[in-house]
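The structure under discussion appears below in the form of C-alpha cells.
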Amino acid sequence: MTKDHGPSIKDDETYEALREDGASKEKAARIANAQVNSDQHPSEKGGKQSPYEDWTKDDLYARAQELEIDGRSDMTKDALIKALRQH
C-alpha cells in the first residue's frame, strides 16, 4: 500500500518508487509532480536547441559571456563547448 506523503506530493506511488530506486526526496518530488501536470513531460529528453557543435564560435562565445565563463576570449570553439558543458 502506498504511503501518503502529504499535499506537496501529487503522485505518491511514483514518488515512493523513485525513492526506492535511490532518488533524493527533491528529485522524486519533482518527477512525481511533473508527471501529474499535463504541461510538463519529464520523460522527454532535452530541449529544442541544436547541439553546441552546430553553433558558430560567435554564438558559443555569446553564451559563454552570458554565463560569465572566465577565459572565454582565449578559447577555441572546442574549448568553449567544453566550458559550456561543464558550467
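Using a 4.5 Å heavy-atom threshold, the side chains of I81 and L84 count as separate. At a threshold of 4.5 Å between non-hydrogen side-chain atoms, the residues R30 and K27 count as touching.
By the side-chain contact (heavy atoms from CB on, under 4.5 Å) test, A83 is found to be paired with I69, M75, residues two or more places apart in sequence or in another chain being considered. Take S24 and apply the side chain to side chain donor-acceptor pair (under 3.5 Å) test, not counting sequence neighbours, and it matches no residue. Taking the side-chain contact (heavy atoms from CB on, under 4.5 Å) definition, one finds that A62 meets it with nothing, sequence neighbours left out. Applying the side-chain contact (heavy atoms from CB on, under 4.5 Å) criterion to A17, with sequence neighbours excluded, gives no partner residue.
To the nearest 0.5 Å, the span separating OH on Y52 from CG on L80 amounts to 10.5 Å.
Pairs engaging residues 61-71 under the side-chain hydrogen bond (donor to acceptor under 3.5 Å, both in side chains) rule: R63-E66 [sequence neighbours left out]. Among residues at least two apart or in separate chains, salt bridge (Lys or Arg N to Asp or Glu O under 4.0 Å) pairs with a member in residues 76-87 are E53-R85.
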